[in-house]
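Heads up: the structure comes next, in structure tokens.
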2 protein chains.
Amino acid sequence: MPDSNINELVNRFIAVQFSVTKKAESFIKEEISSDLTNDQHYTLRYIHNIGSCTSSDLAEEFEVNKSAITAIINRLFERGLIQRTRDEKDRRVVYLALTPKGKELFLKTEERIANLVESFISSFEQEEIEQFINTYEKLNQILIDKKQLEE
Amino acid sequence: MPDSNINELVNRFIAVQFSVTKKAESFIKEEISSDLTNDQHYTLRYIHNIGSCTSSDLAEEFEVNKSAITAIINRLFERGLIQRTRDEKDRRVVYLALTPKGKELFLKTEERIANLVESFISSFEQEEIEQFINTYEKLNQILIDKKQLEE
DNA sequence: ATCGAACAGTTCAACTGTTGAACTATTAAT
DNA sequence: ATTAATAGTTCAACAGTTGAACTGTTCGAT
């Protein structure tokens with residue numbers, strides 16, 4: 001790629017990534033804040049999609065310390081949205097899963113978010129948005145690979 | 001767009017947007033956390049790019065309450081990175097600008113971030129990344145329009 | 001078989017960022 | 001002139017985060 005353009009592309013990318021992220025977070029918050037914070041929703045989403053996981057899994061996925069996860073899980077646990085189950089074979093491990101109440105609340109908020117996202121992306125031609133998501137997923141893979149190189 | 005695909009696109013979009021954002025934030029933090037938090041950097045960036053602005057401008061741009069901006073600005077002010085100047089015509093208004101020290105620190109951290117972003121996007125063919133950023137900017141405009149409809 | 005290292009998770013203090021209400025100071029409106 | 005509105009700050013309360021210290025458990029090398 002010629003150097004003449006790459007700085008401009010980098011700056012455009014930084015600006016648009018920042019702006020879209022801020023606005024998307026703000027729309028999601030508007031939609032769900034009466035029920036959950038955004039981070040609480042993302043936590044429920046991860047556990048729901050994977051079925052059951054540990055604090056360490058979440059810490060790795062969200063790239064934060066385990067103690068940050070403990071704090072989030074404690075709040076969800078106190079509200080009866082998450083259950084903790086000790087592994088009987090390795091008693092250090094605690095499995096996290098959604099309670100029925102947690103699952104119900106998650107599905108409700110996730111549906112609102114999906115409707116929101118659909119209202120945005122349905123403005124595009126299917127081919128354009130598919131190409132966009134394909135490139136976005138490639139970028140994600142590049143980030144994952146770079147992360148693993150660090151370890 | 002046919003309904004059969006749109007749910008899948010929505011889910012892929014939600015997943016990849018979340019994952020890229022988390023990882024990007026984490027890389028940036030790794031790069032600059034010895035000097036600034038990410039939010040502090042974004043604050044300096046906005047003020048630097050626009051030259052001079054008010055707390056209210058920042059609150060609108062970042063979609064948070066003005067008191068959240070006061071807290072961030074206080075920390076940057078105490079470190080001598082930002083200066084406050086009262087408007088002599090309308091003495092309610094306070095203009096924020098970077099001090100030389102603030103500008104120097106900002107340029108240093110911004111360069112590190114630009115190098116990071118460049119290392120990611122230079123993996124792509126120029127045409128693909130340009131198309132990606134074009135669509136991303138369209139999406140940004142859709143979010144801006146939707147935001148304005150709410151007001 | 002034991003004992004020290006490694007691991008999973010928690011607790012705690014300290015910090016950043018956020019909200020929303022109450023407040024100060026100033027300007028605008030009628 | 002009095003009332004409204006505006007710009008910004010302060011404060012208490014909360015969510016999220018870090019990093020160190022801790023508990024309890026398992027693994028591994030001798």
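So you know, we letter chains A, B, ... as the sequences are listed, proteins then strands, and number each from 1. Given the structure is predicted, the values throughout are model-derived calculations rather than measurements.
A straight line from CD of A:E63 to C1' of D:dG16 spans 16 Å, rounded to a whole angstrom. Taking atom CD1 of residue B:I73 and atom C1' of nucleotide D:dA7, one finds them 14 Å apart after rounding to whole Å. Computed from coordinates, the A:L36 CG to D:dC14 P distance equals 18 Å when rounded to whole Å. Between the CG atom of A:N65 and the P atom of C:dA13 there is a distance of 18 Å, given to the nearest Å. Atom pair A:K89:NZ and D:dG24:P shows a separation of 25 Å (rounding to whole Å applied). When rounded to the nearest whole Å, the span between CG of A:D39 and P of D:dC14 equals 18 Å. Between the CG atom of B:N38 and the C1' atom of D:dT18 there is a distance of 14 Å, given to the nearest Å. Between the CZ atom of A:R75 and the C1' atom of C:dT10 there is a distance of 14 Å, given to the nearest Å.
Using N1 to N3 plus N6-O4 or O6-N4 for Watson-Crick, or N1-O2 and O6-N3 for G-U wobble, each under 3.5 Å, C:dT19 pairs with D:dA12. Within the shown strands, nothing qualifies as a pairing partner of D:dA4 under the Watson-Crick or G-U definition with both distances less than 3.5 Å.
Residue B:N74 places at least one side-chain N or O under 4.0 Å from the OP1 or OP2 atom of D:dT10. Proximity of A:K29 to the phosphate of C:dT19: a side-chain N or O atom is located under 4.0 Å from OP1 or OP2.
Under the ring pair (Phe, Tyr, Trp, His ring centres under 6.0 Å) criterion, B:F120 pairs with B:F27, sequence neighbours left out.
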Nucleotide N/O of nucleotides 3-9 of chain C paired with protein N/O under 3.5 Å:
residue	atom	partner	partner atom	Å
C:dC7	O2	A:R92	NH1	3.3
C:dG9	OP1	A:V94	N	3.1
C:dG9	OP1	A:V94	O	3.2
C:dG9	OP2	A:S56	N	3.1
C:dG9	OP2	A:S56	OG	2.5
C:dG9	N7	A:K66	NZ	3.2

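Base orientation of D:dA4: syn, the glycosidic angle falling within 90° of 0.
Remark: A:R84 qualifies as a cation-pi partner of A:F77 under the 6.0 Å distance and 45° angle criteria applied to the six-membered ring.
Taking NZ of A:K29 as the start and CD of B:E63 as the end, the distance is 10.0 Å to the nearest 0.5 Å.
Ring centroid separation for the pair B:Y136 and B:F132 comes in under the 6.0 Å cut-off. Aromatic pair A:F62/B:F18: ring centres closer than 6.0 Å.
Among A:R86, A:R91, A:R92, the one residue that satisfies the salt bridge (charged side-chain N to carboxylate O under 4.0 Å, His left out) test with A:E88 is A:R91.
Salt-bridge check for A:E30 with A:R112: failed, with every basic side-chain N at 4.0 Å or more from each acidic carboxylate O.
As judged by a 4.0 angstrom heavy-atom cut-off over every strand, B:I69 is placed among residues making no nucleic acid contact.
A donor-acceptor contact under 3.5 Å is formed by the side chain of B:S67 with the base of C:dG20.
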